> 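Take this structure first; my questions come after.
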Amino acid sequence: MSDAPSTDRGQVSERAASSAAFSPLYQQIKGLLLQSLDRGDWKPGEAIPSELELAARFQVSQGTVRKAIDELAAENLLLRRQGKGTFVATHHEAKVRFRFLRLTSDDGKQVVSGSRILDCRRGKAPSDIAALLELRGADVAINIRRLLSFDQVPTILDDIWLPAAVFRGLTADALASYKGPLYAWFESEFGVSMLRADEKIRAVNAATEPAELLNVEPGSALLKVERVSYTYGDRPMEVRRGLYVTERFHYRNSLN
């Protein structure tokens with residue numbers, strides 16, 4: 001690291017010129033931090049270096065680093081803890097975990113959730129799923145079907161597809177023995193952090209089999225939610241199609 005004086009912009013632009021030559025300096029630092037997170041330089045739940053250390057590493061001002069970290073914190077990729085520092089977000093923390101669970105009880109009370117794995121198999125994904133996961137012709141996918149219950153009442157029927165090459169070692173037995181949130185397991189066991197998701201929501205009528213599993217009458221109104229979840233680099237890692245019973249629940253979202 002050089003001790004020679006230089007402007008922030010001049011020193012960093014050489015590092016990021018290929019991808020963000022004309023972006024604001026703090027955006028370049030944000031990109032470098034994202035690269036470190038993607039490489040696993042700092043694991044989920046671990047503290048990242050201080051703003052002062054990062055400023056010295058990148059040879060920029062502390063304010064520039066702070067602005068980059070502020071954006072990553074706003075995107076829930078980093079978590080600030082007063083008096084302790086800044087940490088890599090983890091799905092083992094409720095603040096991150098519940099970003100992806102939007103179904104809320106109408107009375108606002110906390111519910112007890114339970115999960116039952118109905119099926120877990122490997123094979124060729126349907127063409128539309130393969131396209132969403134950016135799989136090639138010979139790539140194999142894992143398909144998980146599970147039933148989520150709230151207060152012992154069947155509420156969500158999920159069909160989940162994952163790229164098998166990434167989730168090596170994911171078996172029906174391993175899945176059945178794990179009792180926590182799936183995204184936390186993906187993170188700790190397979191090194192995959194789900195960072196954001198795109199969703200499509202529509203109303204549908206329950207077909208016979210889903211109706212039986214969800215304990216509703218065939219033809220009942222259900223909410224169908226299709227989600228594509230992404231990790232670093234906007235790489236798709238999961239397609240999830242869920243059927244939701246909304247008799248006692250509603251789908252809640254915050255628009256910022």
Side-chain angles (χ1 to χ4, degrees), residues 1-102 166-167 180-199 227-238 253-256:
M1 184 183 301
S2 172
D3 293 326
S6 176
T7 64
D8 285 355
R9 188 174 300 277
Q11 290 174 323
V12 176
S13 61
E14 292 180 2
R15 296 182 177 86
S18 61
S19 59
F22 301 105
S23 63
L25 183 59
Y26 78 91
Q27 287 284 353
Q28 296 178 38
I29 298 302
K30 178 184 176 182
L32 294 173
L33 292 173
L34 281 169
Q35 289 175 21
S36 291
L37 291 168
D38 193 9
R39 287 195 305 266
D41 294 350
W42 312 304
K43 304 296 183 185
E46 289 183 352
I48 69 170
S50 69
E51 292 176 359
L52 200 58
E53 291 172 302
L54 290 171
R57 174 183 300 186
F58 298 130
Q59 299 183 23
V60 299
S61 71
Q62 191 173 347
T64 298
V65 171
R66 181 177 299 118
K67 192 169 183 179
I69 290 177
D70 283 344
E71 282 211 354
L72 292 171
E75 294 168 9
N76 296 293
L77 305 187
L78 297 176
L79 297 175
R80 291 190 183 275
R81 292 178 182 159
Q82 189 66 34
K84 295 183 178 180
T86 303
F87 294 77
V88 182
T90 170
H91 285 280
H92 290 276
E93 292 195 28
K95 179 179 180 181
V96 176
R97 182 189 317 158
F98 291 116
R99 283 200 303 121
F100 291 85
L101 182 59
R102 298 292 188 174
V166 176
F167 291 87
L182 270 187
Y183 283 0
W185 190 49
F186 292 168
E187 180 184 278
S188 57
E189 187 69 22
F190 303 99
V192 174
S193 294
M194 300 297 186
L195 303 182
R196 72 169 191 88
D198 290 333
E199 290 188 333
R227 175 196 301 171
V228 183
S229 296
Y230 299 84
T231 188
Y232 294 103
D234 256 4
R235 298 191 296 273
M237 283 288 144
E238 178 200 57
N253 204 358
S254 297
L255 304 177
N256 297 318

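Computed from a predicted structure; not experimentally measured.
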> Who pairs with Glu199 by salt bridge (charged side-chain N to carboxylate O under 4.0 Å, His left out), at least two apart in sequence or on another chain?
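Residues passing salt bridge (charged side-chain N to carboxylate O under 4.0 Å, His left out) with Glu199: Arg227.
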
> For Leu72, which of Val88, Ile48, Leu34, Ile29 qualifies under side-chain contact (heavy atoms from CB on, under 4.5 Å)?
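It is Leu34; the other options fail the test.
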
> If you round to the nearest 0.5 Å, how far is OG1 of Thr231 from CG of Leu37?
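Here the interatomic distance stands at 10.0 Å.
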
> Are Leu54 and Ile69 side-chain neighbours, meaning at least one heavy-atom pair lies under 4.5 Å?
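Yes. Closest side-chain heavy atoms under 4.5 Å.
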
> Could you report the tightest heavy-atom contact between Glu187 and His91, atom names first, then the distance?
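Minimum heavy-atom separation between Glu187 and His91: OE1-N, 3.0 Å.
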
> Taking only residues two or more places apart in sequence, or in another chain, which ones meet Trp42 in a ring-ring contact (aromatic ring centres under 6.0 Å, His included)?
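For Trp42 there are no ring-ring contact (aromatic ring centres under 6.0 Å, His included) partners, ignoring immediate neighbours.
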
> Report yes or no: does Thr90 contribute a side-chain atom to a donor-acceptor pair with the main-chain N or O of His92 at less than 3.5 Å?
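A pair under 3.5 Å: yes.
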
> Taking only residues two or more places apart in sequence or in another chain, which ones pass salt bridge (charged side-chain N to carboxylate O under 4.0 Å, His left out) with Glu51?
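For Glu51 the salt bridge (charged side-chain N to carboxylate O under 4.0 Å, His left out) partners, ignoring immediate neighbours, are Arg66, Arg80.
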
> Can you list everything that forms a side-chain hydrogen bond (donor to acceptor under 3.5 Å, both in side chains) with Ser36? Sequence neighbours excluded, please.
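Residues passing side-chain hydrogen bond (donor to acceptor under 3.5 Å, both in side chains) with Ser36: Arg39, Asp41.
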
> Please enumerate all residues that pass side-chain hydrogen bond (donor to acceptor under 3.5 Å, both in side chains) together with Glu46, with sequence neighbours excluded.
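Scan of Glu46 (side-chain hydrogen bond (donor to acceptor under 3.5 Å, both in side chains), adjacent residues dropped) gives none.
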
> Which residues pass the side-chain hydrogen bond (donor to acceptor under 3.5 Å, both in side chains) test with Glu189, not counting sequence neighbours?
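side-chain hydrogen bond (donor to acceptor under 3.5 Å, both in side chains) check on Glu189 returns nothing, list empty.
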
> Any side-chain heavy atom of Leu33 sitting closer than 4.5 Å to one from Phe58?
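Heavy-atom side-chain distance check passes, below 4.5 Å.
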
> The criterion is ring-ring contact (aromatic ring centres under 6.0 Å, His included); which residues satisfy it with Tyr230, sequence neighbours excluded?
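In terms of ring-ring contact (aromatic ring centres under 6.0 Å, His included), with neighbours along the sequence ignored, Tyr230 is linked to no residue.
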
> Could you tell me if the side chain of Arg235 sits less than 4.5 Å from the side chain of Val166, heavy atoms only?
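Counting from C-beta outward, Val166 and Arg235 never come under 4.5 Å.
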
> Going by the rule side chain to side chain contact (heavy atoms under 4.5 Å, CB included), which residues pair with Tyr26 if we only count those two or more places apart in sequence or in a different chain?
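Listed in chain order: Pro24, Thr64, Lys67, Glu71.
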
> With sequence neighbours excluded, tell me which residues meet side-chain hydrogen bond (donor to acceptor under 3.5 Å, both in side chains) with Ser229.
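side-chain hydrogen bond (donor to acceptor under 3.5 Å, both in side chains) list for Ser229, sorted by chain: Tyr183, Glu238.
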
